[in-house]
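Residue indices begin at 1 and follow the sequence shown.
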Amino acid sequence: MSPPEPGTPGGLPDDRTPLSEAPFNPESARGAANVVQTYFALFEERRFADARRLWSGNGAASGMDEAAFAASFAGFTEYHAQIGGPGAIEGAAGSLFVQVPVVLYGRLRTGAAFNSRATAVLRRVNDVPGSTPEQRRWHIHRLDPVAAVPRP
């Protein structure tokens, strides 16, 4: 099973700007995209508690406790993600935000294939006096669904 091609319905935006494979600063937009990549890699390993901790507030921003978070993925036999290039970092009220496009695809327990698009919004606190190293790391602030596309 593979995701839809970029630029097609349900696929990532058709952005052909290559991402550098050079080392990057974890505080950069690429650092935020790496958090999203790690998040979905943890799903593939079924490490739901570790994935939940990548949400703001040590998982609280997911809106679920650990048990409910893990249970929310019980309907899937396969769950994969294709991560797009991050947008520009934007600032607001002492925080930084970045958006990262994601295509989710896999298979439901019913055997049906699925794919959908989402935008991961990540947040970190600016480097201000009194902020902790944990607050200055990128965390998932929310996942905004973009579109669901049925698959045969």
_Aromatic ring pairing Phe73/Tyr79, orientation class (parallel under 30°, perpendicular over 60°, tilted between)_ = perpendicular

- Task: State whether the number of non-hydrogen atoms from other residues, nucleotides or ligands found under 6.0 Å of Glu45 atom CD is greater than 12.
- Result: yes

In this structure, CZ of Phe76 is separated from CZ of Arg109 (nearest 0.5 Å) by 10.0 Å

d(Ile89 CD1, Ser28 OG) to nearest 0.5 Å is 6.5 Å

One should read off an interatomic distance between Arg117 CZ and Gln82 CD, to the nearest 0.5 angstrom, of 11.0 Å

OG of Ser56 to CD1 of Ile140, rounded to nearest 0.5 Å, is 8.5 Å

Derivation and outcome, side chain to side chain contact (heavy atoms under 4.5 Å, CB included), residues Phe40 and Leu54:
CA-CA 10 Å; Phe40 288 108; Leu54 293 177; over 6 Å; no

| message | Tell me if a side-chain donor or acceptor on Asp65 pairs with a main-chain N or O of Ala67 at a distance below 3.5 Å. | response | yes

CD1 (Ile83) and CG (Leu104) are apart, to the nearest 0.5 Å, by 7.5 Å

Smallest heavy-atom separation, Glu44 atom then Ala81 atom, equals OE2-N, 4.1 Å

Nearest heavy-atom contact between Asp127 and Glu27 is OD2-OE1, 4.0 Å

Only one of Arg136, Glu134, Gln135 passes side-chain contact (heavy atoms from CB on, under 4.5 Å) with Arg124, and that residue is Arg136

Exercise. Once the angle between the rings of Phe43 and Phe48 is folded into 0 to 90°, is it parallel (under 30°), tilted (30 to 60°) or perpendicular (over 60°)?
Worked result: tilted

Result for side-chain contact (heavy atoms from CB on, under 4.5 Å) between Trp138 and one of Leu96, Val100, Asn34 points to Leu96

query: Any link between Val125 and Trp55 through a network of hydrophobic side chains (Ile, Leu, Val, Met, Phe, Trp, Tyr) touching at under 4.5 Å?
result: no

dist Leu42:CG -> Arg52:CZ (nearest 0.5 Å) comes out at 13.5 Å

On a heavy-atom basis, the closest approach of Glu66 and Ala49 is OE1-CB, 3.5 Å

* Derivation of the side chain to side chain contact (heavy atoms under 4.5 Å, CB included) call for Arg53 and Asn58 -> CA-CA 5 Å; Arg53 281 191 285 278; Asn58 200 31; 3.3 Å; yes

